[in-house]
Amino acid sequence: MQKFSGFELFRRALGGHKSWQPQWRNPEPKAEYDVVIVGAGGHGLAAAYYLAKEHGITNVAVIERGWLGGGNTGRNTTIVRSNYLFDESAALYEHAVKLWEGLSQDINYNVMYSARGVLMLAHNHHDEISFKRHVHANRLNGVDNEWLTAEQVKEFCPPLNIKSMRYPIIGGALQRRGGTARHDAVAWGFARAADSRGVDIIQNCEVTGIRRGPSGAVEGVETSRGFIRAKKVGVSAAGHTSVVMAMAGLRMPLESFPLQALVSEPVKPAFPTVVMSNTIHAYISQSDKGEMVIGAGTDAYTSYSQRGALHITAHTLDAICELVPQFRRLRMLRNWGGIVDVTPDRSPIIAKTPVPGLYVNCGWGTGGFKATPGSGHVFAHTIAKDAPHAINAPFTLERFRDGFLIDEAAAAAVAH
Amino acid sequence: MLIITCPWCGARPEVEFRYGGEAHIARPADPSALTDAEWADFLYNRTNPKGLHAERWRHIHGCGRYFNALRDTVSDFFVTTYKAGEKRPDIDASSGGSK
């Protein structure tokens, strides 16, 4: 792998930048792998990377129906935070935040992780007591989160209108280590780092079936480019998880919904942090490119269409216009949808399945990007050891049968 | 926004309706006779198909009644709607639908 550094940039500049090589190979699929990961999004690529790096398993393929990072990895609103209420969730997301903090160095790729803070606004008494409960629970779990008064909110994020609105801001919860990262760079960085350790990333290759042997165990995957034998298969297919798992005869506690986002035209730096408001459904940050990145809600119905209705985005823009009046003059550039797989308790499933050799990482719902490195890390552990890491041990498929739901109301910072 | 045909009121915009999830999931007659896995399957597991989906809608800002619909989850086109209690029509996704 050609290492990226300031010195390399300078050295290759002398040659007119003509000596850079492609960042990953585009190999033909081999007949057999130790592990096949289905889905080359951030979570799948991260799992492949950690399989190679931490477990020495390099005979790995990541199979992708479209192009890598073209699903929810390239469609989310790039927020990172870990201020979840329950112990299980806090441990999982905090694990991810700790990996985010060193990720650019670890994979030698600038993922532009920017700990600019995540501010959740309170507009009523219920918000206030709920957020304070989160702050206290987070502190007990070693996760930073603090309560700000309305004046402190205004000081931390001056563009906010805190008073002259229908639901004035009475305070907020701030996680200073939260922030944003560039989602494309996360996919590309993990792809490059995994590829350099021998992982094959096979794009434009759709999985059409999961082959099981006489004992029921997984033997490999049927794809649009032929059968690929595999000792273990890890499914990391986000909104399409139900479809892929049905190929192995499994029914999942999942429903897939369109989740929309949109961006404004790019402007100079005008918004210093990430702001979310559950009560009025606003969700906004500014990308390094200058666009205001706005998260809208999910549509009401299950769908695989990757688009949603305009009234969903209009609803969130109403809230943005009241929250930050100066943005009323911004024009919106693009909006799009991604298909998110939602579990009944709004917590993910990272686990073994009843099918030997088949593993699943799904159910991230409306908030999976923030967990990308941590999710890949524990999923790799689960596949390599055929047993969960302590952090993802509670996130089983069987918790629904056994009644150990992780009913994480904070999973969505804004209601969906 | 979807245009949804209520079997009682006719075609109306989506905002008049509330989505009710997968249709034709009958509550088990004797829940205590079920295993935990069967009960969890009833409560939590869903077909979530990519293609034709039988689902419930409620015309909450209209007649207030529940009804069922067959919708293609790839195109979001409604193939048909029918009254609660009626059997799922034997239609496949290729039959077009209301556009």
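Just so it is clear: chains get the letters A, B, ... in the order the sequence lines come, proteins before strands, and each one is counted from 1. Please read these numbers as outputs of a predicted model, since none were measured by experiment.
Considering only heavy-atom pairs separated by less than 4.5 Å from chain A, the leading option among Leu2(B), Thr35(B), Thr47(B) is Leu2(B). Among Thr241(A), Leu310(A), Ile312(A), Leu254(A), the residue with the largest count of heavy-atom pairs under 4.5 Å with chain B is Leu254(A). Comparing Thr302(A), Val243(A), Thr343(A) by heavy-atom pairs within less than 4.5 Å of chain B, the highest count is held by Thr302(A). Put simply, of Asn48(B), Thr73(B), Asp41(B), Val15(B), the one with the most heavy-atom pairs under 4.5 Å next to chain A is Asn48(B). Of the listed residues (Gly403(A), Gly308(A), Ala309(A), Pro253(A)), the one with the most heavy-atom contacts under 4.5 Å to chain B is Pro253(A). Ranked by heavy-atom pairs shorter than 4.5 Å toward chain A, the options Glu22(B), Lys50(B), His53(B) are led by Lys50(B).
Contacts between Glu14(B) and chain A at a heavy-atom distance below 4.5 Å involve the side chain alone, from C-beta outward. Neither the backbone nor the side chain of Arg18(B) has a heavy atom closer than 4.5 Å to any heavy atom of chain A. Contacts between Leu397(A) and chain B at a heavy-atom distance below 4.5 Å are absent for every atom of the residue. Neither the backbone nor the side chain of Asp402(A) comes within contact range of chain B; no heavy atoms are under 4.5 Å apart.
Rounding to the nearest 0.5 Å gives a distance of 7.5 Å between CZ of Arg46(B) and CZ of Arg251(A). To the nearest 0.5 Å, the span separating CE on Met1(B) from CG on Asp299(A) amounts to 10.0 Å.
The local environment of CZ in Phe42(B) is crowded, with over 12 non-hydrogen atoms from other residues, nucleotides or ligands closer than 6.0 Å. By the 6.0 Å contact criterion, CG on Asp90(B) is open, its count of non-hydrogen atoms from other residues, nucleotides or ligands being 12 or less. In the displayed structure, Trp8(B) atom CH2 is contacted under 6.0 Å by more than 12 heavy atoms of other residues, nucleotides or ligands.
The two residues Val74(B) and Ser305(A) make their nearest non-hydrogen contact at O-CB, 3.4 Å. In plain terms, the two heavy atoms of Ala40(B) and Arg401(A) that are nearest each other are CB-CA, 3.6 Å.
Between Tyr301(A) and Tyr19(B), the two ring planes are perpendicular [angle over 60°; tilted spans 30° to 60°].
Side chains of Tyr44(B) and Leu405(A) form a contact here, defined as non-hydrogen atoms less than 4.5 Å apart.
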